[in-house]
There are 2 protein chains.
Amino acid sequence: MARAGQTRKQSEARAATEARILDAALEVFAANGFRGATLDGIAEAAGMSKPNVLYYFPGKQEMYVALLDGLMETWLEPLEAMRSDGEPVEELRGYIRRKLDMARLYPRESRLFANEIVQGAPRIEPMLSGRLRDLVEEKAEVIRGWIAAGQLVAVDPVHLLFAIWATTQHYADFDAQVQAVAGEDAQRFETAQATLETLFLNGLQPRD
Amino acid sequence: MARAGQTRKQSEARAATEARILDAALEVFAANGFRGATLDGIAEAAGMSKPNVLYYFPGKQEMYVALLDGLMETWLEPLEAMRSDGEPVEELRGYIRRKLDMARLYPRESRLFANEIVQGAPRIEPMLSGRLRDLVEEKAEVIRGWIAAGQLVAVDPVHLLFAIWATTQHYADFDAQVQAVAGEDAQRFETAQATLETLFLNGLQPRD
DNA sequence: CAAAAATTTTTCCATCTGGTAAAATGCTAA
DNA sequence: TTAGCATTTTACCAGATGGAAAAATTTTTG
């Protein structure tokens, strides 16, 4: 627990230790899912004993929720950055790029969410039908505006977002399959980006 | 064990029981992943005791592999049905439809594979880099032919297949998220189909 | 330095889980 | 009907796992 009488050095050390534990937890939860992850595994990845981990977090579930909570904002950022006043095709291109960057740079985070959601999102359903749903509804409205203005082909905006999530996160979540099928291709993210841009941007521009 | 001296009735009963167990196992593995699934859970879903389940299958792992093995063919069918001598846009439309039908009709099967692959495909990697990879290479060649003939926009065929897998399986694997964000929409598969067809088919057809 | 507070380790435990042993029951063929 | 095989159930067990208790150690503060 954070106490009143502690020095800055102490709380910095505590914050650093908590961060180390959360990083280890991310590693283990992402690779095994909530049930598959063990406190011993997390402790080992963090380089400390299991009871020591439990000194910083009250339990396994609390660590898991702390992780998901802390990552949600980061996870929503790319969509939040899509501006209603930009050029539609460029805004979408940017969004696809940012999402693909997330898959490339933060595969563990992506797999953490993937594991949770595949198993029915028992612990983050509230976040999905709250914060996420609101944001999607807001951005869907933006896309509807672009469609109404004839700047994009008429598609369901929510399902368009699903398609962007699916295709980009695929490279993190199903990396094992991507690598098994396509080989260990260091260029795979560049190829993916080119393919997805062609597909989405060509696919969404009206043909007069 | 199957014995020489058993009647047809007996082996039929055995096959039926095995099928009942595998169905229960599919339910439980798909919802919880390999590690999260318990023999007790499978036994309960199958309406029998745990040792009785183990009378039919030697162990948890064997049940899991039996399931994946048995489902792989079904899983590859939609892609196998894509004909090189058809009209490219129609062939792709058909493939997308079949994949989306799979997601709609067999969500448990989809989530079973999803769980396995998200966690690094530890038990089916050989199948992915064997049978699946070969099939993908074969069909990628077909798509390359269509592109060379100017019938499709130039995209990487393997990544195009990834995009089709990702977008269609999304509706099974991440159904919890789809429903949280879009509400419990009974029409979601129809809307998805329309959106994906617009996106992919418009996106893949050359302009002018 | 010494007391107090924070951190870490050692020990331990109850529950869950995959799997075994063996007894009990059901079924089939002679 | 009964011997023999198939099936199912009832204990049971060893290891893993989440977590608690408490002792030991380190750090901070007066």
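Because the structure is a prediction, the values reported are computed rather than measured. Lettering of chains follows the sequences in order, A, B, ..., and the numbering in each one begins at 1.
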[N] [atom2] sits how many Å from [X] [atom1], rounded?
| X | N | atom1 | atom2 | result |
| --- | --- | --- | --- | --- |
| Glu18(B) | dA6(D) | CD | P | 14 Å |
| Lys60(B) | dT20(C) | NZ | C1' | 17 Å |
| Glu62(A) | dG19(D) | CD | C1' | 11 Å |
| Leu54(B) | dC12(D) | CG | P | 19 Å |
| Ile21(A) | dT7(C) | CD1 | P | 11 Å |
| Asp40(B) | dC12(D) | CG | C1' | 14 Å |
| Met48(A) | dT26(D) | CE | C1' | 15 Å |
| Phe29(B) | dT17(C) | CZ | P | 13 Å |

With under 30° as parallel and over 60° as perpendicular, where do the rings of Phe29(B) and Tyr64(B) fit, or are they tilted in between? perpendicular
From [options], nucleotide with atom closest to [X] side chain:
| X | options | answer |
| --- | --- | --- |
| Tyr55(A) | dG19(D), dT8(C), dT20(C) | dT8(C) |
| Tyr56(B) | dT10(D), dT8(D), dG18(D) | dT8(D) |
| Thr38(A) | dG18(C), dT8(C), dG18(D) | dG18(D) |

Report task. Run the ring-centre check on Phe189(B) versus His159(A) and record whether the distance is less than 6.0 Å. Result -> no
Next on the checklist: Check the phosphate of dT9(C) against Ser49(A), side-chain N and O only, distance under 4.0 Å to OP1 or OP2. Yes or no?
Outcome noted: yes
N/O (side chain, Arg14(A)) to phosphate O (OP1/OP2, dT7(C)) under 4.0 Å | yes
Under 3.5 Å, is there a donor-acceptor pair between the Asn115(A) and Gln119(B) side chains?
yes
Using a heavy-atom cut-off of under 4.0 Å over every strand shown, decide if Leu39(A) touches base, sugar-phosphate, or nothing. sugar-phosphate
*At under 4.0 Å between heavy atoms, what does Ala37(A) touch on the DNA or RNA strands: base, sugar-phosphate, or nothing?*
sugar-phosphate
Under a 4.0 Å N-O cut-off, is there an ion pair linking Arg131(A) with Glu138(A)? no
When you check the gap from the basic side-chain N to the acidic O, do Arg144(B) and Glu137(B) get nearer than 4.0 Å? yes
Walking DNA chain C from its 5' end, the first of Arg35(A) and Asn52(A) to be reached, judged by nearest nucleotide, is Asn52(A)
